[in-house]
Amino acid sequence: MILDGKTCSEQRLKILRDVITESGFRPQLATVIVGDDPASKMYVRMKHRACERVGIGSIGIDLPGNATTGDVVAAVRRLNEDPTVDGILVQLPLPPQVDAKKVIAAVSPDKDVDGFHPCNLGLLFAGTPRFAPCTPLGVMTLLGANRIPVAGKHAVVLGRSIDVGRPMAALLLSADATVTICHSRTPGLAGIARQADILVSSVGKAMFVTADMVKPGAVVIDVGINDLDGKLVGDVDFAAVSGIASAITPVPGGVGPMTIATLMENTFKAAQERSCDRAP
Ligand code: GUN
């Protein structure tokens, strides 16, 4: 089975558009981009386009590539204070002179639709999530939409980043999976991957997950986005692994669209919660 994230995301966006229309809310997302990395600019454009489709307003703050940590933190603080802004997304990666941890910590946890603030990651790990990061939450939605059971399964997550690997493990754990996180210092990674009922790869290396690393019948989720000789590919050797897995996400058209749909859902949630906070 191909886990079609594009179709699932389209369905979620249509439902969200109706929910937003009926709610009478006009949520607003602010994006912050530093420099002019073409891939980052393209991702931010896609996010603004999705906002337009579902009835979320969006504003974009573009800072020059030589901006300092102080400049980016100041821009974030202005958005924290702006009552018309419900969600703030600082596009990553940031240039090397900018301390990403300080910038992420400057985002108000109430507007942290990316779910990267330590408060929100802490709540997620405590089992009481508020905003969960969009990519792993989108993966959970895709598994659910395809009725793939998670409880009691052995899930192996390759990668330990704060945007994917760690929150992915927390969400799978909350869904009652037995979770193993593997990373660049894990000995025998291939053997551990082969034990997975659900294998999630967010390593960022083309052709990293080969057929010998996948148990027959496993569910394979490919979060990688890599350039292989000018072609967009994931971490998984799709041609070989799709013959072994029971279900697999394609790249493109798998996890990527789910990330964007989830960002829209998180932004609406932020708007709803902020409006509750303002109620007498
Ligand atoms: N860069 C790559 N993925 C993401 C994401 O989900 N959020 C942000 N802010 N930046 C990213």
Side-chain angles (χ1 to χ4, degrees), residues 5 9 12 29-51 56 58-63 65 67 69 72-73 75-76 79-80 85-96 98-109 111-121 124 129 131-142 157 159-168 170-171 200-205 221-227 232-235 249 251-252 254-267 269-270:
S9 150
R12 307 268 319 176
L29 175 70
T31 60
V32 178
I33 186 163
V34 185
D36 43 27
D37 172 60
S40 288
K41 287 193 125 173
M42 183 188 70
Y43 291 135
V44 168
R45 257 199 318 274
M46 286 163 73
K47 290 167 187 176
H48 283 260
R49 215 174 295 146
C51 283
I56 293 178
S58 64
I59 54 174
I61 309 290
D62 286 6
L63 298 175
T69 302
V72 188
V73 166
V76 165
L79 296 170
N80 287 343
V85 169
D86 297 294
I88 301 171
L89 177 140
V90 181
Q91 185 64 27
L92 302 177
L94 290 165
V98 177
D99 184 337
K101 284 202 171 76
K102 281 196 180 145
V103 171
I104 289 167
V107 175
S108 162
K111 297 189 178 186
D112 175 33
V113 288
D114 249 336
F116 297 163
H117 190 286
C119 282
N120 286 322
L121 287 173
L124 176 62
F131 294 112
C134 304
T135 297
L137 186 55
V139 169
M140 297 307 290
T141 304
L142 189 59
V157 178
R160 53 174 158 174
S161 66
I162 63 149
D163 56 333
V164 184
R166 291 173 197 234
M168 186 78 254
L171 286 165
V200 182
S201 182
S202 58
V203 168
K205 286 188 184 146
I221 306 291
D222 191 348
V223 183
I225 300 179
N226 310 294
D227 177 358
L232 180 72
V233 298
D235 291 346
T249 57
V251 177
V255 174
M258 295 305 297
T259 299
I260 295 194
T262 310
L263 174 66
M264 299 301 112
E265 291 168 350
N266 275 357
T267 304
K269 179 176 150 92

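For ligands, and for the atoms within them, numbers begin at 1 and follow the listed sequence.
With a 4.0 Å cut-off on non-hydrogen atoms, Leu263 does not touch ligand 1 at all.
Within the 4.5 Å cutoff, side-chain heavy atoms of Val233 are placed close to those of Asn226.
Residue Phe116 has no nitrogen or oxygen atom sitting less than 3.5 Å from a nitrogen or oxygen atom of ligand 1, judged on distance alone. Here's the thing with Gln91: one of its N/O atoms is less than 3.5 angstrom from an N/O atom of ligand 1.
Ligand-side atoms of ligand 1 in range of Leu89: 9 (N), range being under 4.0 angstrom from any heavy atom.
The nearest protein atom to atom 10 (N) of ligand 1, hydrogens excluded, is given as Leu92 N, 3.0 Å; this is a heavy-atom distance. The single protein non-hydrogen atom nearest to atom 3 (N) of ligand 1 is Asp163 OD2, 4.5 Å, given as residue, atom name and distance. Of the protein's heavy atoms, Asp114 OD1, 3.9 Å lies nearest to atom 5 (C) of ligand 1.
Formation of a donor-acceptor pair under 3.5 Å by the Asp235 side chain with backbone atoms of Asp222 is not found in this model. A donor-acceptor pair is defined here as one N or O able to donate and one able to accept, closer than 3.5 Å; such a pair exists between the side chain of Asn80 and the backbone of Ser108.
To the nearest 0.5 Å, atoms CG (Leu89) and CD1 (Ile61) are separated by 12.5 Å.
With Thr31 as reference, His48 is the one residue of Gln91, His48, Lys47 to meet the side chain to side chain donor-acceptor pair (under 3.5 Å) rule.
For Ser202, there are no side-chain hydrogen bond (donor to acceptor under 3.5 Å, both in side chains) partners at least two apart in sequence or on another chain.
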